[in-house]
A.B. asks: 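The structure's right below; bear with me while I get my questions together.
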Amino acid sequence: MSTLKSVNVDGEVKRLTVPDIRARKRRNGAAPLVCLTAYTVITARLLDVHTDLLLVGDSLGMVLYGLDTTVGVTLDMMIAHGQAVMRGAKRSCVIVDMPFGSYQESPEVAFRNAARIMKEVGCAGVKIEGGAEMASTVTFLTKRGIPVLGHVGLMPQQVNIAGGFKTRGRSQDDAQSIVDDAKILAKAGVFGLVVEGVLEPVARRITDDVDVPTIGIGGSPVCDGQILVTEDMVGLFNDFKPKFVKRYMDLGGGIAEAARLYADDVKSGAFPGPEHCFGMKEQQHNDD
Ligand code: KIV
């Protein structure tokens with residue numbers, strides 16, 4: 001199973017590469033790709049042993065910074081969080097999202113910004129949203145040493161055009177245009193495709209028609225792998241819950257409960273106890 005750690009001859013954990021990810025097509029017998037988002041060193045450390053790919057997603061704008069959309073995310077934010085994730089992840093292939101405005105203008109601008117991410121973060125590649133209009137940029141980047149993960153279907157950076165975060169592929173025309181986009185991007189050189197918020201038949205057609213792995217988020221189990229926003233998966237981001245999210249725990253509830261117990265202890269004097277203090281006799285503390 002490819003989710004097991006790969007180890008080199010010296011017994012060191014080997015990081016998964018872009019070609020390793022690109023080879024993970026289930027129809028060729030590969031195991032499904034396990035992918036999650038990570039924005040911090042601590043989550044990267046916790047997730048790394050279980051994941052093939054960690055995405056430093058621009059969803060961090062909404063999840064960590066409380067923005068309404070991902071449009072306000074900057075290159076500096078992505079680089080700072082990418083660096084933190086690289087410090088925590090030893091095995092997973094780390095990919096960083098290019099934020100809105102950093103790649104749409106021209107292939108040259110995209111290259112300059114993607115090269116900055118690659119140099120300053122040390123990640124394996126970048127992800128960009130978009131369809132056929134991004135094909136020349138994908139080819140420009142990949143031919144110059146920058147692996148690109150595509151992202152089709154529901155594209156959060158298009159929220160102002162779409163008028164919200166809406167499921168895609170409901171009409172025949174829309175479904176066809178998403179499938180066409182996916183095929184064009186695969187031909188242009190992406191090593192994989194995130195397929196977000198589309199009807200199952202659309203994800204199925206893309207997965208059948210392209211040679212690179214598809215990574216679904218609201219793309220159904222037909223995809224070659226799955227990704228979720230970690231804070232959604234652990235119940236830490238509760239502003240809204242898309243239908244495609246499965247919550248595995250209520251970490252937010254756990255943190256709130258811990259804070260309540262701590263506040264009670266501080267108010268009652270139960271914390272800090274003598275075991276948390278320096279140079280203090282137990283008796284003195286009890287006398288206070
Ligand atoms: O920004 C992000 O976290 C993403 C995932 C939802 C795929 O693009």
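As the structure lists them, so they are numbered: ligands from 1, and atoms in each ligand from 1. What you are looking at is a predicted structure, and each value in this text was computed from that prediction instead of being measured.
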A.B. asks: Judged by modelled atom types alone, do Thr51 and Ser92 share a side-chain donor-acceptor pair under 3.5 Å?
C.D. replies: yes
A.B. asks: Residues two or more places apart in sequence or in another chain: which of them pass ring pair (Phe, Tyr, Trp, His ring centres under 6.0 Å) with Phe165?
C.D. replies: none
A.B. asks: Using a strict cut-off of under 4.0 Å between a residue heavy atom and any atom of ligand 1, list the qualifying protein residues by chain and number.
C.D. replies: Thr37, Leu55, Gly57, Asp58, Ser59, Asp97, Lys127, His151, Val194, Ile217, Val229
A.B. asks: Under a 4.0 Å threshold between the charged nitrogen and the carboxylate oxygen, would Arg24 count as salt-bridged to Asp52?
C.D. replies: yes
A.B. asks: Which pairs, with at least one residue in residues 71-80 and sequence neighbours excluded, count as a side-chain hydrogen bond (donor to acceptor under 3.5 Å, both in side chains)?
C.D. replies: Asp76-Arg116
A.B. asks: Taking only residues two or more places apart in sequence or in another chain, which ones pass side chain to side chain contact (heavy atoms under 4.5 Å, CB included) with Asp180?
C.D. replies: Gln176
A.B. asks: Any donor-acceptor pair under 3.5 Å linking the side-chain atoms of Glu133 with those of Gln104?
C.D. replies: no
